[in-house]
Peer 1: 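Before I ask anything, here is the structure I am working with.
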Amino acid sequence: MSTDALPKAEPRESRGLAGQAAALAAGEVTARELTERALARIAATQPTLNAFRRVREEAALAEADSADRQLARGERLPLLGVPVAVKDDVDVAGEPTAFGCPGDFPPKDADSECVRRLRAAGAVVVGKTNSPELGQWPFTEGPAFGDTRNPWSRDHTPGGSSGGSAAAVAAGLVAAALGSDGAGSIRIPAAWTHLVGIKPQRGRISTWPEPEAFKGITVFGPLARTVEDAALLLDVASGSAEGDLHRPAPVQVLPEAGRDPGRLRVALSVRPPWTATRKSLDPEVRAAVTGIAERLAELGHEVEEAEPAYGPVGLAFVPRATAGIREWSLRAPDFSLLDARTRGAARSGRLLGGAVLRAARAAEAPLQRRVGKIFRRFDVVLAPTTATPPPRIGDLAHLSGWQTDRTMIAHCPYAWPWNVLGWPGVNVPAGFTGTGLPVGAQLLGPAGSEPLLVRLAAQLEADRRWFEHRPPEDAGGAAVL
């Protein structure tokens, strides 16, 4: 297809999630107008960025028209008429849930609970974003859908596994999107696309119709350009269903985005947990995270280098992750079509099930006590989100299973322990490399600490104003600027 034949995108929406909701309520724009613009931006960038697995053009426009009728009647909901996207690991009624896999998946009869809550808040779901097979890798590539590319550089990955959601938000296709995080899969792509990404407390957002996701290590959460927008999406998506295994006491985080965090004790941690593989922190990433630490100190916080006592946390991760992959792989229409690495992980999940899996789950509480000791001295842990800037498209796509694991850990050794613990973490943009690639830092807290993390992230955002930086025209944002 020639460039001239591609659809022309509307100008990128300058208002975020909260701003669009306010404009709709004030009658400054209609839901149909916002949705048509979002769909045009998606269509214009799909041949290049490839952020979406499914686009719900007709259904989304019908939802927008319904929202406009509600607005005309004077109804008000937090996201009434605002276009959003969701990752292709949650169910949307009438759409298949392929989770990055090849094959003919049947359409779902009902929404997942988190999607139901987005709709209850008035959101218009414009589509489902790309993920690698079963969310396993920090890149979003696969034969079922192609390569999803980073709006900051089309030669580089946006990360994974919520890479489609991250690319869609960073490129301005939608103001915010839902992702999932089982080993950093929200925080990693947020870091590599200059976004705020919140991994909430386990159970904060329901995983129903799954009682839990990937044996409890995976949670759903928001990606957005601002802390306010991420907090808004988190609040409207949060809540439990009757069948959920994890049901933490509710919190509201949106009000915290405007509150002073006070003087906090911050532990700067740059040493990743032990793994039997080589890894090192890229000097540019180290400098960016250290710059965040220095700025926190200038803002009045007490910052000191200190390391959580991670211990054997990896032994509690692998059985749960591979058991989750095995469960999901059995839903594929044709197991033989899956990536050889997926099939290998599924076989490991079968071998590591039973007693090994039970032992891994039993280790969680002792690990929480062990790692949690750092919060006797500190309020927040500041760490790199990744050890490196984003790799190039294809760097990991054709490796063997062991080579992929080893390379993946080298790039991303910092995020996954918080999935074992089930605790919250927030990626914040930390700056750029000399070649203009985004990198991030994560704010980590104990159970139920989302309000505190959001307060601190919002303070950093007000100081650093990262939302003013958008992808350059020649790197992938050209069609949406």
Side-chain angles (χ1 to χ4, degrees), residues 50 53 87-89 97-105 129-149 156-164 166 179-186 188-189 192 213-215 217-218 275-279 314-353 356-357 360 386-388 390-413 415-416 419-420:
N50 187 29
R53 182 73 183 263
K87 186 177 176 180
D88 193 27
D89 61 345
T97 300
F99 204 174
C101 298
D104 186 15
F105 287 77
T129 57
N130 277 324
S131 163
E133 276 190 15
L134 308 186
Q136 299 169 82
W137 305 306
F139 58 90
T140 303
E141 303 162 37
F145 59 88
D147 300 335
T148 297
R149 297 178 180 271
H156 292 81
T157 181
S161 62
S162 303
S180 61
D181 192 314
S185 289
I186 288 171
I188 291 165
W192 285 346
F214 283 76
K215 304 302 179 183
I217 62 172
T218 294
T275 59
T277 57
R278 180 179 297 179
K279 51 195 175 296
L315 299 178
F317 175 79
V318 175
R320 297 170 75 169
T322 56
I325 291 167
R326 173 171 169 74
E327 283 188 353
W328 252 100
S329 70
L330 296 176
R331 304 174 189 177
D334 187 342
F335 185 82
S336 68
L337 294 178
L338 297 177
D339 191 296
R341 294 168 291 184
T342 302
R343 300 196 304 269
R347 288 191 290 269
S348 296
R350 179 173 57 84
L351 294 173
L352 296 177
V356 177
L357 177 60
T386 68
T388 71
R392 297 177 73 87
I393 294 288
D395 278 2
L396 286 80
H398 305 294
L399 302 178
S400 68
W402 168 241
Q403 289 172 328
T404 300
D405 290 344
R406 184 174 58 187
T407 307
M408 179 168 59
I409 292 169
H411 285 295
C412 305
W416 58 269
N419 295 88
V420 174

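Numbering of residues begins at 1 and proceeds along the displayed sequence.
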Peer 1: Would you find more than 12 non-hydrogen atoms of other residues, nucleotides or ligands less than 6.0 Å from Asp104 atom CG?
Peer 2: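 For Asp104, atom CG is not crowded (no more than 12 foreign heavy atoms under 6.0 Å).
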Peer 1: Distance check, rounded to the nearest 0.5 Å: Gln136 atom CD versus Phe99 atom CZ?
Peer 2: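 That separation rounds to 8.5 Å.
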Peer 1: Heavy atoms only: give me the nearest Pro189-Gly184 pair and the separation to one decimal.
Peer 2: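 In terms of heavy atoms, the two residues are closest at CD-O, 3.8 Å.
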Peer 1: Hey, which of Thr388, Asp395, Thr157 is the one that makes side-chain hydrogen bond (donor to acceptor under 3.5 Å, both in side chains) with His411?
Peer 2: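 Only one of Thr388, Asp395, Thr157 forms a side-chain hydrogen bond (donor to acceptor under 3.5 Å, both in side chains) with His411, namely Thr388.
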Peer 1: Gly159 and Thr140: which non-hydrogen atoms are nearest, and at how many Å?
Peer 2: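 Heavy atoms only, the tightest pair is O-OG1, 2.7 Å.
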Peer 1: Hey, could you give me the CZ/CG distance between Arg149 and Asn130, rounded to the nearest 0.5 Å?
Peer 2: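 Rounded to the nearest 0.5 Å, the CZ-CG separation comes out at 12.5 Å.
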Peer 1: Could you give the distance from CZ (Arg350) to CG (Leu330), rounded to the nearest 0.5 Å?
Peer 2: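 Atom-to-atom, Arg350:CZ and Leu330:CG are 10.5 Å apart.
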Peer 1: Mind running side chain to side chain contact (heavy atoms under 4.5 Å, CB included) on Thr148 and Glu141 for me, showing each step along the way?
Peer 2: CA-CA 6 Å; Thr148 297; Glu141 303 162 37; over 6 Å; no
Peer 1: Measure the spacing between OG of Ser180 and CD1 of Ile186 and express it to the nearest 0.5 Å.
Peer 2: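 Here the interatomic distance stands at 6.5 Å.
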Peer 1: Of the non-hydrogen atoms in Cys412 and Pro138, which two are nearest, and what is the gap between them?
Peer 2: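 What the structure gives for the nearest pair is SG-CB, 3.8 Å.
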Peer 1: If the condition is side chain to side chain donor-acceptor pair (under 3.5 Å), which residues does Thr275 pass it with, not counting sequence neighbours?
Peer 2: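 If we apply the side chain to side chain donor-acceptor pair (under 3.5 Å) test to Thr275, skipping adjacent residues, the hits are Thr277, Lys279.
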Peer 1: Name all residues meeting the side chain to side chain donor-acceptor pair (under 3.5 Å) criterion together with Asp339; count only those two or more places apart in sequence or in a different chain, and write none if there are none.
Peer 2: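 For Asp339, the residues satisfying side chain to side chain donor-acceptor pair (under 3.5 Å) (neighbours in sequence not counted) are Arg341.
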Peer 1: Ala183 and Ala415: which non-hydrogen atoms are nearest, and at how many Å?
Peer 2: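 Closest heavy-atom pair between Ala183 and Ala415: O-CB, 3.8 Å.
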Peer 1: Could you walk me through whether Ile325 and Thr342 pass the side chain to side chain contact (heavy atoms under 4.5 Å, CB included) test, one step at a time?
Peer 2: CA-CA 7 Å; Ile325 291 167; Thr342 302; 4.3 Å; yes
Peer 1: Determine, stepwise, if the pair Thr97 / Phe105 fulfils side chain to side chain contact (heavy atoms under 4.5 Å, CB included).
Peer 2: CA-CA 7 Å; Thr97 300; Phe105 287 77; over 6 Å; no
Peer 1: Supply the atom-to-atom distance Arg343 CZ to Ser336 OG, rounded to the nearest 0.5 angstrom.
Peer 2: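 Result: 7.0 Å between the selected atoms.
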Peer 1: Roughly how far, to the nearest 0.5 Å, is the OG1 atom of Thr404 from the CG atom of Leu396?
Peer 2: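 The CG atom of Leu396 sits 6.0 Å away from the OG1 atom of Thr404.
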Peer 1: If I compare all heavy atoms of Lys215 with all of Gly324, which pair ends up nearest, and what's the gap?
Peer 2: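 Of all heavy-atom pairs spanning Lys215 and Gly324, the closest is CG-N, 4.4 Å.
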Peer 1: Looking at Ala323 and Leu357, what are the two nearest heavy atoms and their distance?
Peer 2: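 It is CB-CD2, 4.1 Å.
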Peer 1: For the residue pair Trp416 and Phe317, does the interplanar ring angle fall in the parallel (under 30°), tilted (30 to 60°) or perpendicular (over 60°) class?
Peer 2: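 Tilted.
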Peer 1: Is there a side-chain contact between Pro158 and Trp192 in this structure, where contact means two heavy atoms from C-beta onward sitting under 4.5 Å apart?
Peer 2: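 Of all side-chain heavy-atom pairs linking Trp192 with Pro158, none is under 4.5 Å.
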Peer 1: Can a side-chain donor-acceptor contact be found between Trp137 and Ser161 if the only test is distance below 3.5 angstrom?
Peer 2: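 No, no side-chain donor-acceptor pair sits under 3.5 Å.
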Peer 1: Where do Asn419 and Thr218 land on the side chain to side chain contact (heavy atoms under 4.5 Å, CB included) test, with the steps shown first?
Peer 2: CA-CA 7 Å; Asn419 295 88; Thr218 294; 5.8 Å; no
Peer 1: Is any side-chain heavy atom of Glu133 closer than 4.5 Å to a side-chain heavy atom of Ser329?
Peer 2: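 They are not in contact (no side-chain heavy atoms under 4.5 Å apart), so the answer is no.
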Peer 1: Taking the side chain as every heavy atom from C-beta outward, state whether Leu134 and Cys101 have any pair of such atoms under 4.5 Å apart.
Peer 2: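 Yes, their side chains come closer than 4.5 Å.
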Peer 1: Could you verify whether a donor N or O on one side chain and an acceptor N or O on the other, from Lys87 and Ser162, lie under 3.5 Å apart?
Peer 2: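 Yes, Ser162 and Lys87 have a side-chain donor paired with an acceptor closer than 3.5 Å.
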